[in-house]
There are 2 protein chains.
Amino acid sequence: MREHVTPERRRGTVRDLRRDNRSVLLWSLYFDQPCTRQELSQATGLSPASVSNVIRELIEEGLVAEAGAIDSDGGRPRVLLRMNRDHGYVIGVDVGETRVRVELFDLAMEERARADYPLDPREHGVTVIVDRILAGLSAVLADAGVDSSAVLGVGVGVPGVVEQGDEVLVHGQTYGWEAVPLERLLRAGTDLPLHIDNGAKTMGRAEMWFGAGRGAQHAVVCLIGSGVGATIIAHGRTHRGSTSSAGEWGHTTIMVGGRECRCGAKGCLEAYVGAEAVLDRYGRALPGQDEESALAALLDAATAGEEEAGRVLEETALYLGAGLADLINLFNPERIILGGWAGLLLGERLLPAIRDAARRHSLAHAFSETSIELGRLGPEAVALGAATLPIERFLNGASLSSADRRRSAG
Amino acid sequence: MREHVTPERRRGTVRDLRRDNRSVLLWSLYFDQPCTRQELSQATGLSPASVSNVIRELIEEGLVAEAGAIDSDGGRPRVLLRMNRDHGYVIGVDVGETRVRVELFDLAMEERARADYPLDPREHGVTVIVDRILAGLSAVLADAGVDSSAVLGVGVGVPGVVEQGDEVLVHGQTYGWEAVPLERLLRAGTDLPLHIDNGAKTMGRAEMWFGAGRGAQHAVVCLIGSGVGATIIAHGRTHRGSTSSAGEWGHTTIMVGGRECRCGAKGCLEAYVGAEAVLDRYGRALPGQDEESALAALLDAATAGEEEAGRVLEETALYLGAGLADLINLFNPERIILGGWAGLLLGERLLPAIRDAARRHSLAHAFSETSIELGRLGPEAVALGAATLPIERFLNGASLSSADRRRSAG
DNA sequence: CGGGGTTAAATCACGTCATTAATTAAGTCC
DNA sequence: GGACTTAATTAATGACGTGATTTAACCCCG
């Protein structure tokens, strides 16, 4: 009861205050390394004394280390601080359509080890995936020589809707998964803290943390591949909605009664601008085994002056622009990032046309305040983004499971 | 700089902690009056001792009063607490197309006085509006016998986009207002704290606080009148976007290349389901001076079996359902509330058809978790919702301007 | 090379806060 | 009217952030 009091976390005691301040300092330091105590004090609004105290704790605990100093001209030099990148590690898992990839990162998000497991396209059974992931975890730990007690957590990006409840459930249309309790299944094989999310959302996170989204408070990361999805960021946080299925931009209706979509509805955006749909709208045969090379061929054909290809792309820009305009009108984001392999391919060529279509379909005021850009990270970033899930938990105050570190000397 | 540290308000000292706890208690009490200290302790997670302390302060300051007790069977009876509804007052202003309405409420949102000023439809000049508002403020204060020092603040709902910046600017398409610094203009005539927002948004607030939206964390309040808009609530808070123009649902494209909208674009939702658009799509003459009676007549005609009217309404339900489905897919709200005079009129008759169309255009999972309901408050609620703006500020810890009340006896 | 000047960081003293435990208040029931 | 219950207040305790003060670290200049 009492919906108005939603303590995302217990808050009210003087101790929670410390935890929060600690967290604020960690976030600030994480994204602005190296920096000095003074800068932290300014950035967070905490007094220099408090910064000193908390930082001393963090250094004692090994999360933070001093790293040189800034030369002064008269006066004690400021000491630079940075996160101790070896204090802990995180693992990101990308469960894709054709492979499972497991990557181990240090706190600076430097890759320390990687394991790839190709998937037979006909074999997306749950047990196979779980096996591959668990094998990957062991492999990267062994490879990097990292003990599992030093791992802060594992983030897993999977295709399909991920329902975050008491029990995390995965509904994977493409995989034929229905309410798969992936977390529970993985739990049988590992003790590491697990975070599971939709792969498109983890990729969106990667763009927000390290790519084109850095610094934006309100943004939408659009992912166009064979299908179409989006990550919505409001006030710097991913909007999940009430059952974590928010962001299904691809099934937004842009043409009532229009083309049939694989979701069963008619006129979905995905049925016009998804890679599969674009190729289908073109209709003619194209060289290339897979969608990726076929789409590239379509772009080439248009460049070569092939009329029909040009027309299809022109229309794609129109539809896509209208879809982006919906986001602009509804969310009023400061930035829209176009990603996904098809999004990048199309965007590279069509961005001006897309922007123009978006302008025509959105209100002038909101449009003028929104920038539309291409993603910077490419589709490889799913695992990276997944790995930011445990990082976030860490920055918010979780420590390594084993040692419950308290102040050592009183 | 340092976007990650967004102290919506200074937080970090032990004193801020108290302010926060105080605020949490006020919110809890406000929406669950009367209630006991014990209940508050449970609801907020604060210890009974802290609740006692803070409540004692609040009683001393006159914000809260004891009001009877609950009978016990053995044991000291629990004392009931409620807000002191006369501790302060708020004023809500509804600047509509045809009138300016000013209402004064006590803390229990009981109306204490009202002033109405009809507007000549040809006269929407800024000075006229400002004059009417200021006259209304004086009138309701005099009428209710309330001193302006007892007023916590004034909320103003206006048509058009309200840009919340250092200086609040109003862009009113319908009024022909461009970047009107309404706050500054009003400031010349009153010292009361001012809050200005879009009228559709204040109405949405009213539904969320007192109507069909109570208790929802993620919701969308859709307002259909002559035009179409929406208020998006995420995590219990209105989403404004980066320049406070979020929620322009009416100009979402549901038909690329479709009907021309008054915004200049083609295929906007508003061009299909706004009252003006519905009547226009019907085409034939209808009895009634204004849109409201014309739309009612259209509904009557359909009831009477007039085929074309039935067809227009059927299509309206289809378009509207598709529009709602977009919201469901993008936001995954737990509740959608259909309001506005036209929304209520249409919804009363078409809700099943609208729901069905929404189902067909949204993903099954998200749809099944969303309820679509009619608003409960009617279009009169703009002023009520505007008045919740200063209430919110008050519950968050602002006190009356004059007396900076501190603990009296140490 | 050593003191004066300057700035950064650590320490100290203080006031505030929420919590637990103990105490007081206000009832019921036999 | 005394034993029992439960609510609310008070007291004791520990944790915290802050401003003031002190210590540290480095420059420059003579």
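Proteins come first, then strands; the chains are lettered A, B, ... in the order of their sequence lines, and each starts at number 1.
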S.K.: Which whole-number value in Å describes the distance from A:Glu57 CD to C:dA10 P?
M.R.: 13 Å

S.K.: Just N and O in the side chain of A:Ser52: are any of them under 4.0 Å from OP1 or OP2 of C:dA10?
M.R.: yes

S.K.: Test for a donor-acceptor pair under 3.5 Å between the base of C:dA26 and the side chain of B:Arg76, counting only N and O atoms.
M.R.: no

S.K.: When you check the phosphate oxygens OP1 and OP2 of D:dT18, does a side-chain N or O of B:Thr13 lie under 4.0 Å from one of them?
M.R.: no

S.K.: Could you pick out which residue, A:Val54 or A:Pro77, lies toward the 5' side of DNA chain D when each is mapped onto its nearest nucleotide?
M.R.: A:Val54

S.K.: Salt bridge or not between A:Glu207 and A:Arg335? Use side-chain N to carboxylate O under 4.0 Å.
M.R.: no

S.K.: If the cut-off is 4.0 Å, is B:Gln38 near the phosphate of D:dT6, judged by side-chain N/O to OP1 or OP2?
M.R.: no

S.K.: Students often get this wrong, so: under 4.0 angstrom with heavy atoms, is B:Val51 touching a base, only sugar-phosphate, or nothing?
M.R.: nothing

S.K.: With B:Leu107 as reference, evaluate B:Leu63, B:Asp86, B:Asn84, B:Leu152 under the side-chain contact (heavy atoms from CB on, under 4.5 Å) test and give the passing residue.
M.R.: B:Leu152

S.K.: Expressed as a whole number of angstroms, how long is the span from A:Asp20:CG to D:dA15:P?
M.R.: 18 Å

S.K.: Side chain of A:Val14 only, please: which of C:dT20, D:dA15, D:dG17 is the nearest?
M.R.: D:dA15

S.K.: Rounded to the nearest angstrom, tell me the gap between atom CD in A:Glu66 and atom P in D:dA24.
M.R.: 15 Å

S.K.: Let me know the distance between CD of A:Gln42 and P of C:dA9, rounded to the nearest Å.
M.R.: 12 Å

S.K.: Which label fits A:His235 and A:His218: parallel for a plane angle under 30°, tilted from 30 to 60°, or perpendicular past 60°?
M.R.: perpendicular

S.K.: Specify the separation, in whole Å, of atom CZ of B:Arg56 and atom P of D:dT9.
M.R.: 8 Å

S.K.: Are any of A:Arg18's side-chain N or O atoms less than 4.0 Å away from OP1 or OP2 of D:dG17?
M.R.: yes

S.K.: Measure the distance from CG on A:Leu80 to P on D:dC26 and round it to the nearest whole Å.
M.R.: 13 Å

S.K.: Nearest whole Å is fine: how far is C:dA18 C1' from B:Arg22 CZ?
M.R.: 16 Å

S.K.: Is the number of heavy atoms from other residues, nucleotides or ligands under 6.0 Å of B:Gln42 CD greater than 12?
M.R.: no

S.K.: Could you pick out which residue, A:Leu17 or B:Arg37, lies toward the 5' side of DNA chain D when each is mapped onto its nearest nucleotide?
M.R.: B:Arg37

S.K.: Round to a whole Å and report the spacing from CG of A:Asp73 to P of D:dC29.
M.R.: 11 Å

S.K.: Judged by each residue's nearest nucleotide on DNA chain C, which is more toward the 5′ side, B:Asn53 or A:Arg78?
M.R.: A:Arg78

S.K.: Please classify the nucleic acid contact of B:Asn21 as base, sugar-phosphate, or nothing, using heavy-atom distances under 4.0 Å.
M.R.: sugar-phosphate

S.K.: Between A:Phe331 and B:Phe331, is the ring centroid distance below 6.0 Å?
M.R.: yes

